[in-house]
Amino acid sequence: MLLELRGITKRFGALVANDHIDLVVQPGEIHSLLGENGAGKSTLMNVLYGLYDADEGEILLDGVVQNFSGPGDAMAAGIGMVHQHFMLVPVFTVAENVMLGHEQTRGGGRLDLEAARAQVKEISARFGFHVDPDAVVEDLPVGVQQRVEIIKALSRNADVLVFDEPTAVLTPQETDELMAIMRQLRDEGSAIVFITHKLREVREVADRITVIRHGKVVGEALPTASDAELASLMVGRSVELRVHKGSPQLRDNGLKVANLVVTNEVGTVVVDDISFEVRGGEVLVVAGVQGNGQTELTEALLGLEHNVSGSITLDGEELVGRSVRRILDEGVGFVPEDRTLDGLIGEFTIAENLMLDRSDGPPFVKAGALQLPFRDRFAKEKVAEFDVRTQGITTQVGRLSGGNQQKVVLARELSRDLRLFVAAQPTRGVDVGSIEFIHKRIVATRDAGVPVLVVSTELDEAVALADRIMVMYRGTVVGIVPADTPRDVLGLMMAGISPEDAKGEVA
Amino acid sequence: MSADHKTTQLDAPLSETTRTVTLVTWKTVGVLLVVTVLYALLLIAVPHSGDTRFLLSQRSDFFQIPVIVVPAAPFAWACGAVMLAVTAVAVVLTARGRRTPLWLVVIYSLAGLAGFLAWAGAGSPRDLSIVGLLGGAVLWSVPFVYGALGGVIGERSGVVNIAIEAQLLGAAFTAAIVSSITNSAFAGLFAAVFAGALVALVLGLFAITYHVNQVIVGVVLNVLVVGLTSFLYSQVLVPSAETLNSTTRFASIPIPVLSDIPVLGPVLFDQPLPIYLMFIAVPTVWYTLNRTRWGLRLRAVGEHPKAADTVGIDVVRTRYNAVLVAGAVAGLGGAFYTTVYLSQFGENMTGGAGYIALAAVIFGKWDPIRSAFAGLLFGFASNLQNVLSVVGSPVPSQFMLMVPYVVTLLAVAGLVGRSRPPAASGEPYIKG
Ligand SMILES: Nc1ncnc2c1ncn2[C@@H]1O[C@H](COP(=O)(O)OP(=O)(O)OP(=O)(O)O)[C@@H](O)[C@H]1O
Ligand SMILES: [Mg+2]
């Protein structure tokens with residue numbers, strides 16, 4: 001189906017999120033949308049999907065003007081969408097989520113769960129996913145949730161498919177699989193819109209590229225363009241795609257983890273007796289496929305896990321058994337894996353979110369009273385320093401674009417006196433310009449002598465940031481290796497093969 | 001080795017580690033211990049002597065079971081010993097890292113209840129009727145159960161139904177008038193359903209369409225309906241009580257054979273229609289919520305309305321549907337007061353039953369079946385003091401009123417695990 005957007009304009013108050021955008025997506029084409037955080041990509045797609053009403057402009061399918069009053073109409077017209085922020089009901093099973101909205105029933109109005117299960121299995125098999133139709137979504141790691149979201153979109157046989165940053169939480173292998181799926185769908189004649197911040201993916205899979213900046217189309221590019229060209233078209237300046245960092249100046253202080261065991265609430269041992277050390281002045285990247293205990297490891301460091309044994313010491317002080325408050329007071333900065341769930345309060349303003357973990361004393365609170373002028377000054381400074389794209393510090397965080405939300409979390413956590421910095425997926429969903437910035441800040445934190453622990457499923461990021469890389473598999477540590485270890489070896493380690501064997505196999 | 005190896009390995013389910021352990025909490029043990037100690041203290045502080053007479057069958061019954069006479073004090077202490085034994089077993093199990101099975105807790109509860117009854121009825125010349133105890137519990141629980149079902153349906157769709165009280169009372173009032181005028185209990189029941197739905201419609205209008213805080217709307221509705229029915233009662237019903245406020249009630253329908261079963265027969269199978277309807281309503285609501293399209297969409301809207309919206313579900317309409325059905329079901333509970341229990345309407349005759357139903361919703365973790373059992377428990381509690389006052393127990397009735405709730409609270413704290421309301425409960429859905 002041929003999709004045309006003509007002169008789409010969408011305003012949020014004074015902010016023009018989409019400014020007369022024209023876009024044509026041919027059937028049998030993968031059309032990539034590139035743009036900074038907050039450029040207006042998701043807004044445009046939400047207009048297409050009927051979630052927002054456009055202020056101006058029209059949507060045409062095969063030349064016919066459409067009038068969507070809601071997503072139901074868009075879906076009926078053959079448009080499917082994988083949303084940037086998952087649209088899954090957490091307490092439902094995979095099958096229930098997939099069937100929701102187009103349920104089949106049997107006699108007595110009974111839901112045909114069997115049919116839904118079969119459909120999940122069929123799509124999983126067709127595209128090489130491994131998703132259990134009866135798993136409850138909230139128990140699944142984010143990567144798997146993303147696949148559920150994709151299955152949901154595919155189950156409706158849409159002719160126009162929108163993928164809004166589907167790869168932000170996928171591993172490289174999963175991303176490759178997804179790109180194969182997109183090619184397959186394209187070859188079957190679907191029109192596909194693909195939004196991502198990862199230039200490698202764009203070049204690999206896109207047939208055409210449209211770049212959006214500040215709500216306007218600023219140009220088109222061909223997939224043959226270089227990373228640097230694409231990046232500068234997006235950001236409007238040249239971007240350093242490499243992290244520059246000197247050799248680590250190790251200090252004596254640091255984080256020591258010994259025999260750490262974390263058990264989740266149903267009794268599964270998710271972190272299984274691991275020991276390692278991060279010295280002040282170095283970055284240890286925890287690599288591995290999502291769901292192998294990395295999340296629980298970081299949460300245990302912050303005191304968020306309940307069933308923990310073993311020891312975690314920071315500069316010699318034991319952290320296990322302490323409350324989160326007291327661990328934060330020790331100077332632990334923490335960027336959680338899921339910013340919308342754990343990192344921010346969407347209804348609060350940027351200024352409020354920036355002081356969220358510092359509400360128990362000066363300088364933000366004196367004699368029990370919020371110091372509003374100080375808070376606002378602080379917020380303005382941080383918004384400028386971290387380049388958060390927003391109308392002002394009183395904007396609700398939930399209204400920011402994904403990447404800008406991430407910057408708010410980082411701004412908060414990096415603005416304290418730190419003795420340890422823990423970041424899970426710090427650049428998830430962040431544009432290339434901001435990645436450059438965040439990486440620089442992380443390296444600066446390390447150079448200030450702070451031990452830094454970064455969890456990343458992105459191999460590029462792991463290799464770029466790390467002084468050493470620790471690979472986790474099924475709750476255990478496969479090995480800790482230098483950052484210049486070949487990627488093939490790292491890949492095998494992520495499948496649970498010890499570094500020695502992996503080296504042997506690659507050689 | 002080739003790259004193939006790598007992908008096949010990585011394709012395997014990712015989130016599993018190999019080891020698992022069983023986690024236990026000492027919460028259950030703690031509650032058992034506390035209750036046992038309280039029980040013993042009660043027996044020591046207020047010793048009762050004499051016999052207690054447990055009556056298991058009614059005079060009219062086909063099968064006659066002789067009255068069981070037990071010496072109160074020794075029996076109560078024996079029950080206490082059983083409770084202590086169960087507690088000890090629970091301690092041992094927990095220390096070994098195992099869970100306390102439910103049947104042990106059930107034995108414990110029955111022993112505690114039997115001992116308590118023996119203690120309370122000690123020395124009375126009258127019989128303590130078990131049928132009266134259980135049958136009354138079922139009867140008293142009717143408004144709680146229907147109210148709780150209404151609460152569950154509303155809240156699972158994301159609308160907190162604080163207005164259960166208003167729905168019960170409005171329905172009782174309407175049923176009284178309609179049943180009196182038409183001389184038909186059925187007409188009264190139908191009218192009650194409409195009255196409940198009407199109150200729900202007002203709730204929906206403010207809560208769903210105008211995004212007014214749902215708790216506030218609910219409370220206001222409760223106060224409003226109390227005032228309105230009291231006013232109409234004194235102005236309209238009292239002057240012409242004969243025509244407008246003397247209802248035709250549902251008669252008991254004994255089910256052949258089943259109603260002859262000792263004890264359970266009269267309790268379950270010799271009841272008026274609205275109670276049989278209740279037995280059917282509970283599983284029906286469960287089935288509808290969990291197994292039908294309507295229920296799936298209703299729950300989706302209550303958990304994550306935006307997600308529901310993105311798959312083309314009309315959130316507003318689904319919520320209106322749910323709230324109206326919830327009001328209608330609660331209305332059935334209201335009909336109980338004037339078409340089953342009494343044959344006239346009395347000022348504020350529901351007396352806070354709606355709030356108890358609300359508590360049952362939460363104790364039942366927003367599940368229709370559990371909530372119904374919670375309602376039954378509250379019905380039992382309400383009935384207990386009636387039965388004991390008939391027996392002429394020396395225990396002050398205020399104390400009797402309190403005990404079951406204390407025990408319930410402890411039971412919920414110790415035995416009911418983490419409970420979580422529907423995620424979007426109370427949240428209006430605003431698009432965009
Ligand atoms: N509901 C809303 N209310 C007000 N402003 C909004 C709303 N949704 C988005 N915006 C604003 O519109 C702009 C475009 O946001 P959008 O989410 O489309 O960006 P994006 O290109 O998808 O960015 P990212 O790559 O970070 O996801 C941002 O400045 C954002 O703050
Ligand atoms: Mg976006």
Side-chain angles (χ1 to χ4, degrees), chain A residues 49 51-53 70-76 81 83 86-92 96-97 99-103 105 108-111 128 130 132 139-141 143-144 152 171 173 263 265-272 289-293 307 474-476 488 491-492 494-497 505-506, chain B residues 1-3 5-25 97 99 156 284 287-297 299-318 366 417-418 420-424 427 431-432:
Chain A
Y49 194 63
L51 273 169
Y52 294 157
D53 290 328
D73 294 346
M75 276 169 19
M81 178 148 161
H83 299 269
F86 302 149
M87 289 297 158
L88 299 171
V89 181
V91 297
F92 282 12
E96 284 172 334
N97 266 295
M99 81 198 298
L100 187 66
H102 64 155
E103 309 85 350
T105 51
R110 190 184 167 80
L111 285 173
H130 288 268
D132 171 11
D139 298 337
L140 295 172
V144 182
K152 207 171 103 183
T171 62
Q173 286 79 10
T263 311
E265 66 266 35
V266 295
T268 308
V269 178
V270 281
V271 173
D272 199 352
V289 177
Q290 187 130 32
N292 277 292
N307 302 296
R474 301 210 162 174
T476 57
D488 294 356
L492 286 174
M494 284 161 76
I497 295 163
E505 280 178 28
V506 168
Chain B
M1 179 161 326
S2 64
H5 174 94
K6 187 164 74 184
T7 25
T8 44
Q9 281 280 326
L10 285 172
D11 272 356
L14 304 171
S15 54
E16 286 155 25
T17 47
T18 32
R19 237 156 40 96
T20 57
V21 294
T22 313
L23 299 170
V24 289
T25 79
R99 293 207 181 106
R156 291 297 282 272
T284 307
Y287 179 87
T288 315
L289 278 182
N290 292 299
R291 291 285 181 270
T292 68
R293 175 191 321 198
W294 190 76
L296 186 77
R297 292 185 172 190
R299 286 184 288 133
V301 158
E303 290 286 348
H304 195 335
K306 181 135 196 220
D309 193 3
T310 60
V311 293
I313 294 172
D314 187 333
V315 176
V316 168
R317 201 161 76 208
T318 310
W366 292 269
R418 195 169 64 118
R420 189 170 66 173
E427 306 269 331
K431 255 180 115 98

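Chain letters run A, B, ... following the sequence lines, proteins first, then strands; residues in each count from 1. From a predicted model like this one, the values you see are computed outputs, not experimental measurements.
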Notebook entry, point to check: Taking all non-hydrogen atoms of both residues, which atom of A/L51 and which atom of B/K306 are closest, and how far apart?
Noted result: CD2-CE, 4.5 Å
Item checked: CE on A/M75 to OG1 on B/T310, rounded to 0.5 Å -> 8.0 Å
Item checked: Pairwise side-chain contact, A/E103 with B/R297, heavy-atom cut-off 4.5 Å (strictly under) -> yes
Item checked: Contacting moiety of A/H102, where chain B heavy atoms sit under 4.5 Å -> backbone
Next item on the list: Output the distance between atom CG (A/L100) and atom NE2 (B/H304), rounded to the nearest 0.5 Å.
Entry: 11.0 Å
Margin query: Counting heavy-atom pairs closer than 4.5 Å to chain B, which one of A/V91, A/D132, A/N307 comes out on top?
Written below: A/V91
Checklist line | For chain B, the option from A/D73, A/V89, A/N97, A/D53 that forms the most heavy-atom pairs under 4.5 Å | finding: A/V89
Check: Can you tell if the side chain of A/E96 reaches within under 4.5 Å of the side chain of B/R299, non-hydrogen atoms only?
Finding: yes
Checklist line | Partner chain B: residue of A/P71, A/G72, A/G267 with the largest heavy-atom pair count (under 4.5 Å) | finding: A/G267
Margin query: Looking at A/L111, is its backbone amide N or carbonyl O close enough to the side chain of B/R291 to form a donor-acceptor pair, meaning the two atoms are under 3.5 Å apart?
Written below: no
Notebook entry, point to check: Side chain, backbone, both or neither: which part of B/L296 has an atom under 4.5 Å from a heavy atom of chain A?
Noted result: both
